[in-house]
2 protein chains.
Amino acid sequence: MVSKEMHELGSKRSVIRELFEYGKQQAAIVGKENVFDFSIGNPTVPAPECVKEAIIELLETKKSDEIHGYTSAQGDFEVRKGIADYMNNTYNSQLKADNFYMTCGAAASLCITLKALTVKSEDEFIIVAPYFPEYLVFVKSAGAKAVVVPADTENFQIQMDLLEKSINSNTKGIIINSPNNPSGVVYSEKTFKDLADLLKKKSEEYQNTLYLISDEPYREIVYDDIQIPYVPAYYDNTIVCYSYSKSISLPGERIGYILVPDCVENAKDVYTAVCGAGRSLGYVCAPSLFQKVVLKCLGKTSDIALYDTNRKLLYNELTKMGYQCVKPDGAFYLFVKALEEDDVNFSENAKKFNLLIVPGGDFGCPGYVRVSYCVDTEMLKRSFDAFKKLRGLYK
Amino acid sequence: MVSKEMHELGSKRSVIRELFEYGKQQAAIVGKENVFDFSIGNPTVPAPECVKEAIIELLETKKSDEIHGYTSAQGDFEVRKGIADYMNNTYNSQLKADNFYMTCGAAASLCITLKALTVKSEDEFIIVAPYFPEYLVFVKSAGAKAVVVPADTENFQIQMDLLEKSINSNTKGIIINSPNNPSGVVYSEKTFKDLADLLKKKSEEYQNTLYLISDEPYREIVYDDIQIPYVPAYYDNTIVCYSYSKSISLPGERIGYILVPDCVENAKDVYTAVCGAGRSLGYVCAPSLFQKVVLKCLGKTSDIALYDTNRKLLYNELTKMGYQCVKPDGAFYLFVKALEEDDVNFSENAKKFNLLIVPGGDFGCPGYVRVSYCVDTEMLKRSFDAFKKLRGLYK
């Protein structure tokens, strides 16, 4: 009577959400202070002050329909122009307002982009493990197939030989995510260069444009002066999907954009298809007040030093205890090797100490767990005893 | 290289948008005061004061993550509870928070509902002319077929005999919109009763649940004490799609909901499929700040008296000049009989007097034009001369 596929999607909550809900129930039993919830990537660092200031200024100085009215479907022109200028100043790019399409956040950016690019049901998009689990949902929803390249568990870069084998005449593109959720790793310059070379080679071999979809919600959340490159500088056919959810802590407001730079082959056609896909999925325009808010907050970020404190504390303590993980350069996740092969069982064992960590299988990388450290630092410190006890189970 | 269907959707702007853009160009040539733009349904009456007050109160009293953080996918519990209570007080219904799924506005509500209900490509949804043109896009996007019931141009109710003929074993449901865009007409109690009887009869005949999708963005924009009913009271299998775009003038903020009442057959499964469809289309949650804003503005509306002033002025003047139209009871549209058969040509002739009115063909009702009167009253008054001149062409 209803769509079986939609019903399934609606009834299977993601493992992350399940753990998050479990944490809330457990808190009611053992006390909030005794639950160490590292399950969800909901930023705890407040939005920068500019957000509040911008909202109040807009409310005080603009007419109701200027801030709450429809914008054009692709977004307010001044907003897109402002973002283009900001990007040009930051990355020395040559972008214009019309390269940007404002969206309701990263999930919308990806769904719209995939729908715009998918031509036939045989089309394939490649996803690199470990990956954000909803990528599978979004690719399927666009009517295409997801093909997974297994994780490089040594460095969490991309295994180029395996990627090469995954590309065939049906491949439409690849989705990458650096800084990465869940590994926290930032792709190296070598990775970007090798990736660009491979995609160019394969595009020629199959006489088929391969799109690089760069999902960049964590672009500004990086540590130790790590530089995040402007990806289209490496590879022309790059479409950037961006969101302000993490960089200025507005995940619930659903505001982001799709960038189709002019260097994309037939960029205007791709942009037009993006506009059509947005329309087709019911995205009339991105939320209007927050379009104007992000314009006033360009270049600002939440206080990343707070995440950095957590990062160092967690990485240092866990490695001291004997846990193995790659030191993250960005985002707010630590991807830790489970102390047994079965990451689901390992995560279950962690729950015995009210420690909520997400099994890696859901990210396409079994044998690992994701520890999301966008949490209160005091909670983080209190959790070390639980991590120690978990470690003790395997000695 | 890109989806042809999405490219087409992106390149064909709706006729309404075309006229709106033309108006802006023409204003630059002849002066803004000399262009009479009745093309678009963008509310000009400001949002009620409670919107600004609610935003400022939330900013002053809540922590950043409480107002800007992710809510659950179906929407904040307190918000849904508040809407349920408000509906129960208003309509004597028995709704609970879990009957509501918060969305990014009416377009999202419809796309999600249609996607949740569509099982196979033969599925059909019936649309009653005159209709909001994007219905065709949304039904197609859900993977189903739209079947149009021709307009009842006498009263703009529903021609039940034609509707009956349109129902077959593939019919999944019917979309209705009362108060109606573009006719301004409100369905009578008889229409609701007859419609319910017909749908019950046909559901039994085909042993197939027929859903009534009630698209209600104009529910509160009614005149002369007209009462809008609670549609599930007439027909159990009703899903209500709502938006705050028009009632409190927040069209750009993208905030609304889907209501699946318990009287819907297998209501829980339908609701679950709605959750899945939202996820599949990339709607992570409805904008969080505005979820909380609408909770604080329940029962409030923009100043409808201003629209009523325009309605009376326009209806009286136009009928005095000899134009024919049904007096609208709701929304902010007047649907006027064109003075020739060809409504496109009629609209083109109107442009000669800088009068922008939308041909009815796009709404599935050729021979008419839509005059959107959510405009400045002074502009409305200045436009009468142009309407007279247009009338003069046909004497």
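The chains referred to below are lettered A, B, ... by the order of the sequence lines, with proteins before strands, and numbering in each begins at 1. We use all heavy atoms of the structure for the numbers below, so side chains are in, but hydrogens, waters and symmetry mates are not.
- Most heavy-atom pairs under 4.5 Å with chain A: of the set Ser109(B), Cys111(B), Gly278(B), Ala142(B), this distinction falls to Cys111(B).
- In terms of non-hydrogen atom pairs under 4.5 Å with chain B, the most contact-rich of Pro43(A), Ala108(A), Ala277(A), Ala286(A) is Ala277(A).
- Lys300(B) has no carboxylate O lying under 4.0 Å from a charged side-chain N of Glu49(B), or vice versa, which leaves the two without a salt bridge.
- Contacts of Lys172(A) with chain B are made by side-chain atoms alone, with heavy-atom separations under 4.5 Å and no backbone atom involved.
- Without hydrogens or angle criteria, Thr171(A) side chain to Gly173(A) main chain gives no donor-acceptor distance under 3.5 Å.
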*Under the side chain to side chain donor-acceptor pair (under 3.5 Å) rule, what do Ser249(A) and Tyr244(A) come out as? Steps first, then yes or no, please.*
CA-CA 7 Å; Ser249(A) 301; Tyr244(A) 292 91; over 6 Å; no
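- Ile239(B) CD1 to Tyr101(B) OH: the interatomic distance, rounded to the nearest 0.5 Å, is 13.5 Å.
- The candidate with the highest count of non-hydrogen atom pairs below 4.5 Å against chain B, out of Cys104(A), Gly69(A), Ala47(A), is Gly69(A).
- Put simply, the residue from Leu210(B), Val260(B), Leu199(B), Val264(B) that forms a side chain to side chain contact (heavy atoms under 4.5 Å, CB included) with Asn237(B) is Val264(B).
- Side chain of Ser247(A) to main chain of Thr301(A): no donor-acceptor pair is present (N/O by atom type, distance under 3.5 Å, no hydrogens or angles).
- Taking Pro251(B), Ala116(B), Ser64(B), Ala106(B) one by one and counting their heavy-atom pairs under 4.5 Å with chain A, the maximum is reached by Pro251(B).
- You'll find the side chain of Ile213(B) reaches within 4.5 Å of the side chain of Phe125(B), heavy atoms only.
- In terms of heavy-atom pairs under 4.5 Å with chain B, the best-connected choice from Ala107(A), Gly105(A), Ser3(A) is Ser3(A).
- Residues satisfying the salt bridge (charged side-chain N to carboxylate O under 4.0 Å, His left out) test with Asp37(A), not counting sequence neighbours, are none.
- Of the atoms belonging to Leu281(A), heavy atoms from both backbone and side chain fall under 4.5 Å from chain B.
- Proximity to chain B among residues 267-275 of chain A is limited to Asp269(A), Val270(A), Thr272(A), Ala273(A), Cys275(A), judged by heavy-atom separations below 4.5 angstrom.
- For Ser11(A), the parts lying near chain B are the backbone and the side chain together; criterion is any non-hydrogen pair under 4.5 Å.
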_Stepwise ring-ring contact (aromatic ring centres under 6.0 Å, His included) test for Phe290(B) and His68(A)_ = CA-CA 11 Å; Phe290(B) 278 90; His68(A) 303 307; 5.8 Å; yes
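- Only the backbone of Ile67(A) comes within contact range of chain B, with heavy atoms under 4.5 Å apart.
- Ile55(B) touches chain A through its side chain: at least one heavy atom from C-beta onward sits under 4.5 Å away, while N, CA, C and O do not.
- Counting heavy-atom pairs closer than 4.5 Å to chain A, the top residue among Ile255(B), Val45(B), Leu59(B) is Leu59(B).
- Considering SG of Cys241(A) and CD1 of Ile258(A), their distance stands at 5.5 Å, rounded to 0.5 Å.
- Contact annotation for Arg254(A): only side-chain heavy atoms (C-beta onward) come within less than 4.5 Å of a heavy atom of chain B.
- Residue Val51(B) touches chain A through its side chain alone, counting heavy-atom pairs closer than 4.5 Å.
- Looking at Glu134(A), only its side chain comes within 4.5 Å of chain B, counting heavy atoms on both sides.
- Between Tyr283(A) and Tyr283(B), the gap from one ring centroid to the other is short of 6.0 Å.
- Ranked by heavy-atom pairs under 4.5 Å with chain A, the list Leu250(B), Leu110(B), Asn266(B), Asp65(B) is led by Leu250(B).
- Using a 4.0 Å cut-off between charged side-chain N and carboxylate O, Lys292(A) and Glu78(A) make no salt bridge.
- Arg279(B) is not listed as a side-chain neighbour of Met6(A), based on a closest heavy-atom distance of 4.5 Å or more.
- In this structure, chain B has heavy atoms under 4.5 Å from both the backbone and the side chain of Ser280(A).
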